[in-house]
Amino acid sequence: ELRRLTPSAWPPGLLLVGAGALGWLLGEAGFVAIARQAALVLMLQGAVIACLGNPGERYRLTWHNAGFWAVEELARKHGAVLKAKKGYDLAELTFYSEEVYLARPLTYMNLSGKAARKLRRKLKADPSTIVVIHDDIDLKAGVIRIRKGGSSGGHLGVQSVIESLG
């Protein structure tokens with residue numbers, strides 16, 4: 001069931017969506033289906049869905065690009081086009097009459113915070129409306145964990161975003 005969430009109902013902090021790092025065992029299509037389900041539930045007015053990964057064909061099918069798979073599938077499913085900006089790709093779409101942004105940082109994973117900071121400034125986004133989708137090595141294949149705030153759990157890309165957005 002899809003639910004619309006409002007930022008005012010959230011406690012402070014980023015919303016983190018970790019997907020089992022071994023999700024690649026499901027294949028790209030299988031992982032994307034799971035990530036898409038989680039991301040669709042999280043779309044909300046003014047949300048920025050930042051999906052972490054590494055740029056370049058060399059990394060395309062690595063588990064670290066789980067977030068990129070999700071953003072590409074969300075854009076495709078909703079007819080949105082990711083357009084190159086300085087430091088990130090960005091798509092704007094409407095979901096249940098609400099404006100939502102999809103973002104793909106063009107920095108390497110461990111520097112994702114630089115792109116997230118640029119994105120936040122450009123969109124004048126409150127950190128509480130930013131959803132970060134990333135791989136999570138501590139989760140089994142096909143498992144998605146959604147949590148508000150907390151630590152990076154040792155994930156350097158998430159740590160970079162946390163440090164950059166405060």
Side-chain angles (χ1 to χ4, degrees), residues 5 7 9-26 28 30-44 46-56 58-75 82 85-91 100-166:
L5 306 174
W10 292 4
L14 297 169
L15 189 63
L16 303 173
V17 180
L22 299 178
W24 60 269
L25 291 173
L26 300 171
E28 183 174 1
F31 176 82
V32 163
I34 292 167
R36 182 178 63 228
Q37 288 172 19
L40 288 176
V41 170
L42 299 169
M43 287 187 171
L44 53 101
V48 178
I49 301 178
C51 301
L52 305 187
N54 283 312
R58 174 181 177 188
Y59 300 102
R60 177 157 173 60
L61 296 178
T62 64
W63 59 267
H64 234 14
N65 272 22
F68 279 14
W69 297 346
V71 77
E72 289 163 3
E73 176 62 12
L74 285 168
L82 288 158
K85 305 291 182 186
K86 191 171 183 178
Y88 54 89
D89 290 338
L90 183 67
V100 176
Y101 298 94
L102 302 175
R104 175 175 50 197
L106 297 178
T107 56
Y108 284 95
M109 176 68 76
N110 296 353
L111 301 174
S112 296
K114 288 183 178 184
R117 185 172 42 246
K118 285 182 185 179
L119 187 62
R120 177 183 176 204
R121 285 184 187 142
K122 167 86 173 154
L123 299 176
K124 297 178 177 78
D126 185 284
S128 68
T129 64
I130 297 175
V131 177
V132 179
I133 299 180
H134 62 90
D135 62 283
D136 190 329
I137 199 164
D138 294 327
L139 298 178
K140 292 181 180 178
V143 173
I144 290 186
R145 175 176 52 200
I146 301 172
R147 61 193 170 95
K148 186 69 176 173
S151 74
S152 66
H155 191 292
L156 298 179
V158 173
Q159 185 63 39
S160 176
V161 172
I162 290 170
E163 289 172 358
S164 294
L165 298 182

Quiz item: Can you find a heavy atom in the side chain of Ile133 that is under 4.5 Å from one in the side chain of Ile49?
Solution: yes

Quiz item: Would you say the side chain of Leu119 lies within less than 4.5 Å of the side chain of Val48, judging by non-hydrogen atoms?
Solution: yes

Quiz item: Below 4.5 Å, heavy atoms only, C-beta onward: do Tyr88 and Lys122 meet side chain to side chain?
Solution: yes

Exercise. Considering non-hydrogen atoms only, spot the tightest contact between Cys51 and Val71 and give its length.
Key: SG-CB, 3.5 Å

Quiz item: If you measure from OH on Tyr108 to OH on Tyr59, what distance do you get to the nearest 0.5 Å?
Solution: 5.0 Å

Practice problem: Check the pair Leu90 / Leu123 against side chain to side chain contact (heavy atoms under 4.5 Å, CB included), numbers first and verdict last. | Solution: CA-CA 11 Å; Leu90 183 67; Leu123 299 176; 4.3 Å; yes

Exercise. Carefully, step by step, assess Ser112 and Val161 under the rule side chain to side chain contact (heavy atoms under 4.5 Å, CB included).
Key: CA-CA 6 Å; Ser112 296; Val161 172; 3.9 Å; yes

Exercise. Drop me the distance from Asp89's CG to Leu106's CG, to the nearest 0.5 angstrom.
Key: 4.5 Å

Quiz item: Counting only N and O atoms by type, is there a donor-acceptor contact under 3.5 Å from the side chain of Ser152 to the main-chain atoms of Leu156?
Solution: no

Quiz item: Are Pro105 and Leu52 close enough that some pair of their side-chain heavy atoms sits under 4.5 Å apart?
Solution: yes

Exercise. Would you give the length of the straight line joining atom OG of Ser164 to atom CG of Leu111, rounded to the nearest 0.5 angstrom?
Key: 9.0 Å

Quiz item: Which distance, rounded to the nearest 0.5 Å, do you find between the NE2 of His134 and the CG of Asp136?
Solution: 5.5 Å

Quiz item: If you round to the nearest 0.5 Å, how far is CG of Leu165 from CZ of Arg117?
Solution: 8.0 Å

Quiz item: How far apart are the closest heavy atoms of Ser160 and Gly113, and which atoms are they?
Solution: OG-N, 2.7 Å

Quiz item: Nearest heavy-atom pair of Lys114 and Thr107: which atoms, and what distance?
Solution: CB-CG2, 4.5 Å

Self-check item: Pair His155-Met109, side chain to side chain contact (heavy atoms under 4.5 Å, CB included): steps then yes or no
Solution: CA-CA 9 Å; His155 191 292; Met109 176 68 76; 3.4 Å; yes

Quiz item: Where the side chain of Arg120 meets the backbone of Ala125, is there a donor-acceptor pair that is under 3.5 Å apart?
Solution: yes

Quiz item: Does the side chain of Glu72 come within less than 4.5 Å of Arg104's, by heavy atoms?
Solution: yes

